[in-house]
Amino acid sequence: MKQRWIIALFLVLFAAACSSSDNGSSDAIENDLVADSTNDLDSDVDITGDLNPVDGKDSIPLGVQEIEDDTELVGDSQEPEVTDVADDADVLEVTDVETDGDALNPPDASDAVTLPPFFTSPEMVVQIIGPSASGSGESIATQLSVAGLVVGEPDYISWEHEDGQTGYAQGSPFFNTSPIQLTKGDNRITVTAHKGEEESSDVIVVTHNPVFIFGNELDIKPGLLFTGSSAAVIFGLDMGVYSNFDPATLTLCEANNDGECINDVSVMKDDGAVGTSGDEVAEDGVYSWKKTYNIPVAGPRCFRVRANVFAGYQQHVAYSRIKCIDVVAKITQSTCEDTKTFHQEANQLYWDTIAESDAPTAQQAVVDFLQASELVDEAGKSPNGFGVWVLYNNGILGAFNFSPEGIRAGGQGTTELTDYAITTNSIVMSKQSIVFSPFQSELGDVDEANHIHDLLAEPDCPPYVLAGAKPLTGAEAGLSKFRYMNQYGIIALTGHGDAYFTDLSQEKKDSYGWNHSGSQEVIWTGEPVDCSKFVQNTGTCTGAGTCPAGSECVLTEASNNNNNASGICVDYKHADIQRGRIVMGPSTYGILPEFIEHYQGVGYPRSVVYLGTCRSFWNGTMALKFYAAGARA
């Protein structure tokens, strides 16, 4: 009996773009799909299903349409067909899949690669979400399809395996590639959206281990090291999924950029010897190792685990996914102060210039001032906007929010959207809720955060559990709160935002690991730029509240009864600002899309996310990271 499943394209992502507080008008919704999502959504639409595939057997929705379960996305055929699609929707038929290493030719009219548009965007953005959204995945199968999302209206989407295989993807905005044959070990796969001469790509490395799967990523605490400082690192890996491996061969190694083990660290242990191996509980299936590091040079340090695996009378070596940690130099208080002072001079120049001129002239004056300084590596303007960005020679990434007074997120129609968001609680897996309003003192009555908070505070069964008796305003909406958004089922954020770094050199973008080569959206937080809170010492701690302001306690050790847990104080700002996850503003910090990916933890609990800032869905870089991390609307 066929199982019919109806999938709603419920990527609401309530992103309110710039509107004027003077008249309440809103050009916030950049696509009809978002606006229409509050109306005419069939009551039988199932929005609780898992849209994030584990492997190629899981299919990806092509839009608001019915799809029969005889849709063939993975199989022996190199030309899968999509059948029984309701409403005569346009469908991409995958044809001309090349596996002989020849270059992939763009499809012509005979290939029928019509992609139904999602919404218009100034830049195409591609985000892989399956089998993983973190850039690496694992597969026990010999074939899989890579799934993801595309923003914009590409002519077609193609994929390429590093061994020369090529093919096309079907669907828009959700896409699924044709089946990809995996080789044992690491498989680097690139998915590219094409529109004329414009291209946008994302990459995933899928590790294929026959008859075995690790199932979990290597856990590394604290996940951040500082050059020239000694720190203990605890490695842990849950091996409770498959048991056909030899524990005596479970070896932790350092890996290079190609994933090759270049230095064996140790055989990992499940012996409960906290003091030596770092393992907390014996024979619980979690293998651990503890090692002290003092690394002199900044740069990512990568690790993976290998083990001998048995399949009948045969055996082979299986490898886990690669996991990297940041190694950065500390930003000293004096470096921060010097940069902040110069940053504020540039900010004041804008407002002095615009008092006697116009916004484009003032914007260009700031760019010229920055580019003329020996402190600056690169600088540029926001695309068709008011902002300016800068990369300083000391590695600090900065930006300026020069939006005119009254230009912000929100506006007419916001109440209807937020009311609808709150009534869709069946999709979320957590009633924990948080409302950010870092600029409420500036926005006043046009800030919808209070309304959202009041809606969440109304009696429900079970009730929403709010983080705070009111929205988090000013410094309350700090970086530490943003790092733990993955704990909440309802997340609302109102304030300021913009898109930056369009013209930043590709070399720098690659060094940050940004998957999109165009602009990066930024949402401004309420955390002040306070240079005294760049913590220099990684002292010991025993839990929350035991570290200096600006740092967090990361528990790395525990006794066997867990009554004497201890760890070190870590200030993540040092790494976040040097690794392209946050930017320094004249007064507060802003977060970039990479911040969402880096701090997604085990994933968002099918969260509803309301983004009430300028350009929070300008090109989709921020919204797609939320969706890839597990948000569902």
Side-chain angles (χ1 to χ4, degrees), residues 49-58 74 128-147 180 182-187 189 204-221 223 234-253 255 259 261 264-272 277-290 302-325 429 486 600-606 628-630:
D50 190 357
L51 304 184
N52 203 359
V54 175
D55 59 29
K57 297 184 179 63
D58 296 316
V74 174
I128 292 173
I129 62 174
S132 168
S134 65
S136 64
E138 192 173 358
S139 175
I140 195 171
T142 58
Q143 277 190 340
L144 61 68
S145 292
V146 172
I180 303 171
L182 301 179
T183 59
K184 184 179 179 299
D186 296 333
N187 297 257
I189 302 165
I204 186 171
V205 177
V206 180
T207 302
H208 168 49
N209 295 310
V211 302
F212 185 80
I213 192 167
F214 285 87
N216 295 87
E217 274 194 327
L218 180 65
D219 182 47
I220 308 177
K221 295 180 180 179
I234 306 294
F235 302 88
L237 186 61
D238 188 343
M239 296 295 293
V241 179
Y242 279 46
S243 60
N244 58 320
F245 71 98
D246 181 2
T249 66
L250 191 68
T251 303
L252 173 71
C253 73
C261 284
D264 287 350
V265 177
S266 176
V267 173
M268 301 182 76
K269 302 292 184 181
D270 187 15
D271 56 5
S277 68
D279 189 64
E280 296 178 9
V281 181
E283 299 182 358
D284 64 345
V286 178
Y287 289 74
S288 308
W289 190 251
K290 177 172 64 176
C302 300
F303 301 87
R304 71 190 316 179
V305 174
R306 69 175 187 270
N308 289 351
V309 171
F310 303 101
Y313 294 103
Q314 299 182 359
Q315 66 175 342
H316 66 90
V317 179
Y319 288 86
S320 71
R321 285 179 279 175
I322 301 169
K323 182 69 174 289
C324 301
I325 61 173
M429 294 180 64
N486 58 52
Q600 65 180 286
V602 296
Y604 285 60
R606 300 176 183 265

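Because the structure is predicted, anything quoted here is derived from the model rather than measured.
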Derivation and outcome, side chain to side chain contact (heavy atoms under 4.5 Å, CB included), residues L218 and L252 = CA-CA 10 Å; L218 180 65; L252 173 71; 3.9 Å; yes

Can you name the residues that form a side chain to side chain contact (heavy atoms under 4.5 Å, CB included) with S266, not counting sequence neighbours?
->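 Only W289 meet the side chain to side chain contact (heavy atoms under 4.5 Å, CB included) criterion with S266.
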
D219: side chain to side chain contact (heavy atoms under 4.5 Å, CB included) partners, not counting sequence neighbours =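 D219: side chain to side chain contact (heavy atoms under 4.5 Å, CB included) contacts with K221.
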
Considering non-hydrogen atoms only, spot the tightest contact between [X] and [Y] and give its length.
X	Y	answer
V146	I180	CG2-CD1, 3.9 Å
I204	S132	CD1-O, 3.6 Å
H316	P210	NE2-O, 2.9 Å
A141	L182	O-CD1, 3.5 Å
E138	N209	OE2-ND2, 3.8 Å
N216	R321	C-NH2, 3.9 Å

Is there a side-chain contact between [X] and [Y], using heavy atoms and a 4.5 Å cut-off?
X	Y	answer
E280	I234	no
Y242	I140	yes
S139	V206	yes
M239	D270	no
F303	I325	yes
V602	N486	no
V317	N308	yes
V286	V281	no

In Å, rounded to the nearest 0.5 Å, how long is the span from NZ of K323 to SG of C302?
->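 Taking NZ in K323 and SG in C302, the distance rounds to 10.5 Å.
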
When rounded to the nearest 0.5 angstrom, what is the spacing between CZ in R306 and OG1 in T249?
->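 Separation between the atoms: 8.5 Å.
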
What pairs with Y319 under ring-ring contact (aromatic ring centres under 6.0 Å, His included), at least two apart in sequence or on another chain?
->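 Per chain and number, Y319 pairs via ring-ring contact (aromatic ring centres under 6.0 Å, His included) with no residue.
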
